[in-house]
Number of protein chains: 2
Amino acid sequence: MTTLTDVAKRANVSKMTVSRVINHPEQVRDELKQSVFTAMHELNYRPNVAAKALVNNRTQIIKLFILEDMDTTEPYYMNLLAGISKELGKEQYSLQLVTNHSFDIGGCDGYIVTGMRHTDFEWVQRLTRPVVLFGENRLELDYCDTNNTLGTQMATEYALKQGYTNIEFIGINVKEPFEYSREAGYLMSMQNHQLPTTIHRFSNHSHLAMEYIEANWSDLKANTCYVCASDRLAFGIEKGLTIFNARVPADFGIIGFDGVFLNQVATPKLTTVQQPIFELGVRCARMLLTKIEKDGQSQGIEQLLPTLSIAGSTRNDQGD
Amino acid sequence: MTTLTDVAKRANVSKMTVSRVINHPEQVRDELKQSVFTAMHELNYRPNVAAKALVNNRTQIIKLFILEDMDTTEPYYMNLLAGISKELGKEQYSLQLVTNHSFDIGGCDGYIVTGMRHTDFEWVQRLTRPVVLFGENRLELDYCDTNNTLGTQMATEYALKQGYTNIEFIGINVKEPFEYSREAGYLMSMQNHQLPTTIHRFSNHSHLAMEYIEANWSDLKANTCYVCASDRLAFGIEKGLTIFNARVPADFGIIGFDGVFLNQVATPKLTTVQQPIFELGVRCARMLLTKIEKDGQSQGIEQLLPTLSIAGSTRNDQGD
DNA sequence: AATTTTCCTGCAACCGATTGCACTAGCTTC
DNA sequence: GAAGCTAGTGCAATCGGTTGCAGGAAAATT
């Protein structure tokens with residue numbers, strides 16, 4: 001390993017000058033700066049993260065808490081990780097995963113918390129370093145999330161535009177903020193159009209939605225589009241309709257929410273509200289880094305726009 | 001932050017004694033050890049990872065390379081992460097994620113590499129720290145993986161036992177070692193029973209398997225069980241059979257491979273060869289830690305046993 | 001009783017970086 | 001021309017641990 005001192009010798013300066021070239025380049029004469037740069041390059045100098053961490057009292061570690069049970073974790077988490085990891089890597093931060101299986105040991109400079117339920121509030125608020133959440137919350141905690149309300153509004157508007165005359169919402173039972181927001185988006189759109197609303201709520205497993213369709217097939221209204229709070233639910237609906245050889249998308253439309261999952265499985269592919277998961281990871285990380293830099297100062301919230309990914313589970317008349 | 005020196009003062013010893021209590025407890029008198037312990041406890045002492053790292057020339061970081069495209073990554077990766085993270089956490093190691101989106105910056109003490117294709121060989125072999133792979137390989141590199149051959153053997157044997165008279169293998173096109181191994185398991189079992197073999201190969205996307213069924217429906221042999229190289233493929237088969245209202249599991253059986261994916265989606269649930277992913281994560285991490293401790297000495301390979309998770313896509317006669 | 005051995009503990013140096021302060025030029029300024 | 005500034009650079013101390021060696025007391029050997 002080449003150290004600051006090695007570079008210093010090579011460039012015929014003190015190691016202080018080298019350090020300054022890295023951290024306060026404006027304080028160093030251009031001439032010296034150049035020779036230091038070439039020395040660093042020739043020796044392939046890489047700063048020792050641990051030494052830096054020690055003197056700066058920074059661990060250069062960000063902990064990612066995944067509070068959800070990993071068994072039921074959505075696959076799109078991988079995209080989130082990629083986004084976070086990319087952004088942290090830019091500033092020499094490393095990403096430490098803390099799951100319900102590992103212990104929280106050692107220090108860190110900040111936290112990103114995902115999958116927080118209302119029961120985790122107390123615990124999260126006790127953390128002594130800057131925190132950013134992935135996912136809406138009604139506390140004063142900084143977070144990044146998809147604009148969930150807008151997502152279901154987009155879905156609802158699209159369904160109406162495609163001529164479905166009855167729009168129903170398939171929601172999730174558990175009462176977390178993002179679930180409310182998705183329901184709210186549907187409700188807002190429907191009320192704007194002065195249309196009657198119908199909401200079904202299941203736990204987030206496809207088979208319940210499927211069973212609902214199975215049990216109520218004869219009562220289903222023609223030309224219905226199901227706006228769903230998740231791809232899993234949408235998938236259950238589609239499965240249920242398939243049993244009766246229902247014509248999708250001609251007679252029934254289905255719109256999911258999330259947008260990663262189904263692209264790998266469903267056939268025909270689902271129309272869905274696509275969350276910008278990777279970008280959300282990037283933003284979470286960036287927000288946290290800024291917060292750390294600004295000494296824990298609140299960064300507010302950041303809601304990214306979802307996009308409607310149109311596929312085979314809804315009619316798709318191009319005309320406006 | 002309380003330091004070694006703080007603890008030392010409190011316990012009326014030098015900081016050396018405290019350090020030894022932690023690292024070489026046998027060298028310290030019981031009496032002193034006790035008072036040091038209580039001092040550590042009272043002050044809630046946590047060792048400074050960076051300082052330790054600096055003097056020991058260890059970063060305490062393990063890098064996990066995920067070489068696969070994150071977009072198509074299997075959801076079970078989350079379980080792998082959980083397993084790795086748990087094991088690393090035990091020894092104060094932190095897990096740094098390196099994806100195709102982030103850069104590989106800063107040092108580390110070792111690598112776990114997943115999703116390696118044969119095209120990555122050269123690159124991986126150039127790494128200068130201990131490496132353990134997740135996934136079979138034909139090089140001399142240490143790895144952990146499911147016993148893939150055994151997995152498809154179990155699936156095949158079970159299908160036969162349940163009275164399916166024609167067993168066909170739905171495999172994956174790309175030629176990586178685990179794919180060969182899964183095919184081999186099927187072939188071995190069939191040849192042991194002196195039965196004719198049929199192998200189809202697709203890329204690992206469900207729709208191709210589905211389209212195959214769709215296109216060849218009239219030629220399918222009755223009482224066939226499809227032993228598949230992945231849950232995705234199995235899912236495609238099931239989807240295809242559903243189109244024709246085929247009776248599963250009465251007339252056709254389907255067995256998948258992986259065992260995480262489908263539990264969230266498919267209905268009826270698929271019988272599948274369940275990989276012990278979490279445990280594989282633990283073993284990978286443990287193997288790497290041992291390898292680091294033993295100065296890079298090769299640790300060989302570790303193949304864990306899969307289990308057959310029996311569900312609704314195969315007949316299930318309990319009798320022996 | 002004197003000497004050796006063993007066991008335990010503390011001092012000082014060091015890992016590789018950064019910060020505060022002192023110092024040397026070279027330039028202004030009066 | 002002496003005093004005062006300003007840049008630019010280096011020295012020494014520091015972060016929180018660990019290792020090598022020295023030293024003191026008790027136990028074992030002679």
Side-chain angles (χ1 to χ4, degrees), chain A residues 1-37 39-40 43-61 91-94 105-109 292-293 295, chain B residues 1-37 39-40 43-61 91-94 105-109 292-293 295:
Chain A
M1 283 294 96
T2 74
T3 72
L4 263 194
T5 316
D6 299 333
V7 177
K9 272 186 200 141
R10 177 94 175 196
N12 272 323
V13 294
S14 76
K15 64 178 191 172
M16 272 323 307
T17 305
V18 181
S19 172
R20 266 191 279 260
V21 168
I22 297 170
N23 300 301
H24 307 283
E26 74 283 358
Q27 296 178 12
V28 180
R29 211 160 17 119
D30 282 352
E31 188 189 329
L32 282 192
K33 222 181 314 195
Q34 271 313 318
S35 66
V36 168
F37 273 136
M40 291 201 307
L43 296 171
N44 191 29
Y45 170 72
R46 300 267 169 263
N48 182 315
V49 185
K52 231 167 160 147
L54 177 58
V55 61
N56 291 335
N57 195 22
R58 292 277 192 93
T59 60
Q60 296 299 113
I61 288 175
E91 308 210 9
Q92 304 263 46
Y93 275 84
S94 77
I105 36 158
C108 72
D109 295 344
I292 289 170
E293 201 180 317
D295 216 32
Chain B
M1 282 296 100
T2 75
T3 72
L4 262 193
T5 315
D6 299 332
V7 177
K9 273 187 199 142
R10 177 93 171 198
N12 271 322
V13 293
S14 77
K15 65 178 190 173
M16 272 322 307
T17 305
V18 180
S19 172
R20 265 191 278 261
V21 167
I22 297 171
N23 300 302
H24 307 283
E26 74 284 358
Q27 295 178 12
V28 180
R29 206 159 22 116
D30 283 354
E31 190 189 326
L32 281 191
K33 220 181 313 190
Q34 270 315 316
S35 65
V36 168
F37 273 137
M40 289 200 312
L43 296 171
N44 191 30
Y45 170 71
R46 299 266 169 263
N48 182 315
V49 185
K52 233 169 158 145
L54 177 58
V55 61
N56 291 333
N57 196 23
R58 293 277 191 93
T59 59
Q60 295 300 114
I61 289 176
E91 307 209 9
Q92 305 261 48
Y93 275 84
S94 76
I105 36 156
C108 72
D109 295 344
I292 289 169
E293 200 179 317
D295 217 29

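Just so we're on the same page: letters track the sequence lines, and every chain starts at 1. Just the heavy atoms: all of them, side chains too, but no hydrogens, waters or symmetry mates, feed the values below.
Taking side-chain N and O atoms only, B/R20 has no distance below 4.0 Å to OP1 or OP2 of C/dC8. Residue B/T3 places none of its side-chain N or O atoms closer than 4.0 Å to OP1 or OP2 of D/dC15. In terms of phosphate contacts, A/H24 brings no side-chain nitrogen or oxygen within less than 4.0 Å of OP1 or OP2 of C/dT18. For the pair B/S19 and D/dT18, the criterion of a side-chain N or O lying under 4.0 Å from OP1 or OP2 is met. Under 4.0 angstrom from either OP1 or OP2 of C/dG16 there lies no side-chain N or O belonging to A/T5. Between A/Y45 and the phosphate of C/dG16, there is no side-chain N or O to OP1/OP2 separation shorter than 4.0 Å. Side-chain nitrogen and oxygen atoms of A/N23 include at least one within less than 4.0 Å of the OP1 or OP2 phosphate oxygen of C/dT18. The phosphate of C/dG10 has OP1 or OP2 within less than 4.0 Å of a side-chain N or O from B/S14.
Summary of the strand contacts: B/N12 and A/L54 both lie near DNA chain C, and taking for each the nucleotide with the nearest heavy atom, the more 5' one is attributed to B/N12.
At the heavy-atom level, B/N56 lies under 4.0 Å from the strands shown only through sugar-phosphate atoms.
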Working note: B/R10 + B/T2, criterion side-chain contact (heavy atoms from CB on, under 4.5 Å); need CA distance, chi angles, decisive distance, verdict. CA-CA 11 Å; B/R10 177 93 171 198; B/T2 75; over 6 Å; no
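When each of C/dT18, C/dC11, D/dT9 is scored by its nearest atom to the side-chain atoms of A/V28, the top-ranked nucleotide is D/dT9.
Whole-Å rounding puts the A/L32 CG to D/dT9 P distance at 4 Å. Distance CD1 (A/I22) to P (C/dT18): 6 Å, rounded to an integer number of Å. Rounded to whole Å, the distance from CZ on B/R58 to P on D/dG17 is 18 Å. In this structure, CD of A/E31 is placed 13 Å from P of C/dG26, rounded to the nearest angstrom.
What you find for B/V7 and B/V18 is that their closest heavy atoms are CG1-CG1, 3.9 Å.
For the atom pair OG of B/S19 and CG of B/L4, the computed distance is 6.0 Å after rounding to the nearest 0.5 Å.
A donor N or O paired with an acceptor N or O is not found under 3.5 Å between the base of C/dG10 and the side-chain atoms of B/K15.
Annotation for A/K33: atom NZ counts as buried by contact number, over 12 foreign heavy atoms lying within 6.0 Å. The number of heavy-atom neighbours closer than 6.0 Å to CG of B/D295, taken from other residues, nucleotides and ligands shown, is 12 or below.
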